[in-house]
Amino acid sequence: MTPNAREMSESRHEQIPRLLTALAIVVGTTNVLTKPSQQQSYMQGAIEAITDATVAVVIPHSLVALWRVINICAAFDVIIIAQAANTGLTGGSTPNGDYDRPLVVISMQLLGGVHLLNDAAELIALPAATLQQLESTLAPLGREPHSVLGSSCVGASVIGGICNSSGGMLVQRGPAYTEMALFARRNASGAFELINHLGLDLGTQPEEMLDNLEAGTFNENLNSTNSKVCTNQHYQHKVRDCEAETPARFNNDPNALYEASGSAGKVIVFAVRVATFAKPKREQTFYISTNDADTFTTLRQQWLKSELKLPVLAEYMHKDYNDITMHYGRDTCLSMRKLPASKIGTLYRLQAKIGYYLDTWHLPKTLPDRILQLSSRFMPPSLPATLTTQALSYNYHLIIKVADGFDSDFDNGINKDSDKNDDNNIAAVQAFLQNHMQQYQGALHICTELESQALLVFRSAATAAMSRYHNLNQDKFGELLSTDIALPRNAVDWDEALPNYLKRQVSKTFYLGHFFCHVLHQDYLLKPTTNAKQFKEDLLAFYDQRHIEYPAEHNVGHMYPAKAELHHFYKKLDPTNSLNPGIGQTEKWKNWRSSPIKEKLNDEFY
């Protein structure tokens with residue numbers, strides 16, 4: 001299917017029909033989407049895609065079909081953006097802006113599948129395997145995936161988490177990471193190479209390997225001399241070092257970049273091998289509230305320095321975020337409690353499609369939000385009454401979950417605390433928290449199981465509630481700027497105080513985050529007169545002064561610059577700059593040129 005010299009001299013405009021025909025032969029005409037109405041849900045994530053370069057969204061039905069599709073794209077020298085679940089928050093799997101070549105989005109949505117290894121202590125995840133799918137597969141076996149709660153609720157993919165170094169709520173596990181993957185890399189000559197670092201014998205030829213992988217026909221007796229790891233083995237020690245001047249985790253961290261891990265679409269990932277984790281025998285959630293930020297500062301420091309096991313999670317929410325979620329998150333909380341994650345993912349895609357037609361028909365894009373907000377008045381409250389009272393009575397809140405009775409293989413042996421008897425961990429934590437709160441003003445509530453579930457759903461629904469609040473009050477505010485930051489582990493200024501030159505440009509601020517990891521998600525509702533671009537530049541400079549790294553866990557996408565180490569990593573993975581060019585605000589042009597070179601023959605297409 002490789003074009004000859006004469007064909008390569010044709011204009012891009014003339015080549016596009018031939019490209020589409022070649023793609024359709026592999027995946028079928030119905031899986032090559034060329035109409036804007038068909039492409040909309042793939043082109044719009046958290047950030048709306050704005051580009052004229054996309055010629056097709058392609059949906060392969062098998063790993064072999066995916067391999068053939070990317071090789072066709074390489075032969076026609078088109079840009080590839082690979083997309084798994086498209087649940088990212090920084091636009092990293094959707095096009096953005098101008099490109100110097102035609103562009104194809106490849107959706108992996110039909111390429112699901114999971115293969116368990118080593119009595120389910122590890123697994124192989126194919127491109128469309130979701131965290132929710134892993135949860136349901138592993139639950140009967142007493143195990144769970146790296147991430148649960150918020151990410152699984154919106155249908156996030158396993159491979160997406162690996163490629164974006166996603167973090168999440170779970171303190172003990174750190175960023176999603178593996179050194180064991182099967183991926184295709186486009187080399188400097190423009191051809192794709194299939195690289196197998198799964199530690200499995202799949203065969204020798206690419207299509208043979210991919211057939212065996214998808215069917216699960218491989219030997220599970222793994223090579224005992226393999227030195228590669230499939231989880232972050234150092235995070236528990238790292239997060240406990242609360243005197244360190246650097247963050248515990250952030251996307252530009254060069255120590256977290258390895259082939260597929262942190263690749264952000266710069267390679268085509270067919271599968272990853274990741275660890276699973278033993279579910280604890282018992283769990284207990286505590287809800288802690290105070291008006292004194294030092295209460296939480298000292299709590300975090302004392303806990304991390306103590307012999308107490310790390311909590312399962314320690315989530316922070318400010319009262320302002322509580323209030324927004326109470327009023328604008330009722331329907332989201334209800335849907336997350338009642339609907340399976342697969343249905344919620346479908347709702348997100350439906351919302352994108354509805355937005356396209358509303359725009360086409362010149363109707364307000366806020367119409368769905370207005371209808372849902374009106375109907376939410378008749379839905380149950382976001383939290384039970386006791387928790388609601390506490391949530392609105394104090395400024396600072398922590399949701400802390402701890403566990404007893406981890407199995408001996410918890411964290412695949414990387415949890416160094418697991419050698420200790422942890423059957424009394426809950427009691428020890430409760431005594432610690434009660435003693436701590438006796439020294440400070442505030443409230444400590446020991447949650448029932450239903451209250452615990454309600455709190456975690458409430459936390460997961462918060463960002464959607466913020467988005468709706470902004471959408472329905474656009475006449476009062478300017479733009480909404482959301483940031484994802486990692487504070488130094490020794491920072492005590494987590495309760496941000498903006499300098500006056502920034503504060504006077506903001507109407508409201510809203511903060512929440514993963515408190516023990518010192519990762520915060522901060523939202524700024526700007527005043528209508530504020531220049532959002534300039535404000536963001538000034539805000540990031542303020543972060544730099546505080547030695548804050550950004551982003552922390554949502555990846556750079558198109559919102560943040562890739563720093564030198566990450567930029568170099570991208571160039572090494574993708575020397576022709578043909579996969580997801582422009583990610584991290586890097587160069588978009590072929591071979592990493594600083595400006596596009598457009599031949600006269602291409603003018604007709606562009």
Side-chain angles (χ1 to χ4, degrees), residues 63 84 113-127 129 131 134 138 143-147 157-167 172-185 187 192-204 206 209-210 212-214 216-238 249 251 253-278 409-416 418 555 565-566 568-570 572-574:
L63 296 184
V114 173
H115 301 301
L116 300 180
L117 301 174
N118 297 337
D119 296 323
E122 297 173 351
L123 60 84
I124 302 293
L126 301 188
L131 290 166
L134 264 62
L138 295 169
R143 303 191 72 82
E144 58 189 18
H146 170 273
S147 298
S157 70
V158 180
I159 283 182
I162 293 292
C163 293
N164 292 305
S165 303
S166 299
Q172 299 162 338
R173 299 178 190 173
Y177 180 80
T178 187
E179 296 173 1
M180 308 184 78
L182 178 72
F183 61 95
R185 175 181 178 270
N187 60 30
F192 273 106
E193 305 167 332
L194 189 63
I195 300 172
N196 178 16
H197 287 163
L198 286 174
L200 302 174
D201 183 5
L202 298 171
T204 58
M209 295 165 64
L210 295 173
N212 287 335
L213 174 62
E214 193 156 16
T217 53
F218 47 78
N219 191 344
E220 294 187 23
N221 295 322
L222 309 178
N223 185 349
S224 60
T225 63
N226 196 327
S227 62
K228 297 183 185 298
V229 299
C230 56
T231 191
N232 189 311
Q233 294 189 322
H234 309 291
Y235 189 71
Q236 293 202 16
H237 172 76
K238 194 173 184 181
R249 55 181 169 95
N251 284 124
D253 184 357
N255 295 317
L257 305 175
Y258 188 91
E259 296 179 344
S261 294
S263 59
K266 284 296 184 181
V267 293
I268 304 296
V269 184
F270 288 83
V272 293
R273 181 170 150 195
V274 294
T276 70
F277 302 85
D409 66 341
F410 173 70
D411 284 8
N412 283 332
I414 65 169
N415 183 356
K416 301 311 178 184
S418 65
N555 213 339
E565 296 88 346
L566 187 58
H568 175 74
F569 178 65
Y570 289 160
K572 182 179 178 180
L573 288 180
D574 180 21

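As a basis for the values below, the full set of heavy atoms in this structure was taken, side chains included, without hydrogen atoms, waters or symmetry mates.
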Looking at CD of Glu144 and OG1 of Thr276, how far apart are the two atoms once the value is rounded to the nearest 0.5 Å? 9.0 Å

State the CD-CD distance between Glu179 and Gln233, to the nearest 0.5 angstrom. 8.0 Å

Nearest-0.5 Å distance, CG of residue Asp574 to CG of residue Asn187: 10.5 Å

Salt bridge or not between Glu259 and Lys228? Use side-chain N to carboxylate O under 4.0 Å. no

By side-chain hydrogen bond (donor to acceptor under 3.5 Å, both in side chains) - contacts of Asn251 (at least two apart): none

Flag side-chain contact, heavy atom, 4.5 Å: Val158 against Leu131: yes

Any chance you could measure Leu134, atom CG, to Leu116, atom CG, to the nearest 0.5 Å? 8.0 Å

Donor-acceptor check, side chain of His197 to backbone of Phe183, threshold 3.5 angstrom: yes or no? no

Please report the shortest heavy-atom distance between Gly262 and Leu257, naming the atom on each side. CA-CD2, 4.1 Å

Is the shortest heavy-atom distance from the side chain of Phe218 to the side chain of Leu198 under 4.5 Å? no

So which atom in Asn232 and which in Pro175 form the shortest heavy-atom distance, rounded to 0.1 Å? ND2-CD, 3.7 Å

Side chain Asp119, main chain Ala121, donor-acceptor under 3.5 Å: no

Specify the closest pair of heavy atoms between Gly113 and Ala129, including all atoms of both residues, with the distance to one decimal. O-CB, 3.5 Å

Go through Leu123 and Val274 one step at a time and tell me if the side-chain contact (heavy atoms from CB on, under 4.5 Å) criterion holds. CA-CA 6 Å; Leu123 60 84; Val274 294; 3.6 Å; yes

Under the side-chain contact (heavy atoms from CB on, under 4.5 Å) test, which residues partner Ala176, sequence neighbours left out? His146, Ile162

Between Ala271 and Ile124, the two heavy atoms sitting closest are CB-CG2, 3.9 Å

Residues in side-chain contact (heavy atoms from CB on, under 4.5 Å) with Asn255, at least two apart? Asp253

Using every non-hydrogen atom in the two residues, find where Ala181 and Val272 come nearest and quote the distance to one decimal. CB-CG1, 4.1 Å

In chain order, what residues pass the side-chain hydrogen bond (donor to acceptor under 3.5 Å, both in side chains) check against Glu565, with sequence neighbours excluded? none

Residue list, side-chain contact (heavy atoms from CB on, under 4.5 Å) with Leu573, at least two apart or on another chain: Ser263, Lys266, Val267, Phe569

Heavy-atom side-chain proximity of Leu138 to Val114 below 4.5 angstrom: no

Check whether any side-chain N or O of Arg273 sits under 3.5 Å from a backbone N or O of Met180 as a donor-acceptor pair, and report yes or no. no

Please list, chain by chain and in numerical order, all residues satisfying side-chain hydrogen bond (donor to acceptor under 3.5 Å, both in side chains) with Glu214, sequence neighbours excluded. none

List the residues meeting side-chain hydrogen bond (donor to acceptor under 3.5 Å, both in side chains) with Asn212, not counting sequence neighbours, and say none if there are none. Thr217

List the atom of Glu122, the atom of Asn118, and the distance in Å for their closest heavy-atom pair. OE1-ND2, 3.4 Å

With rounding to the nearest 0.5 Å, note down the distance linking CG in Asn196 to CG in Leu202. 5.0 Å

Sequence neighbours excluded, the answer for side-chain contact (heavy atoms from CB on, under 4.5 Å) partners of Ala84 is Ser157

Non-hydrogen side-chain atoms of Leu210 and Leu182 separated by less than 4.5 Å: yes

Please confirm whether the backbone N or O of Ala120 pairs with a side-chain atom of Arg143, one donor and one acceptor, at under 3.5 Å? yes

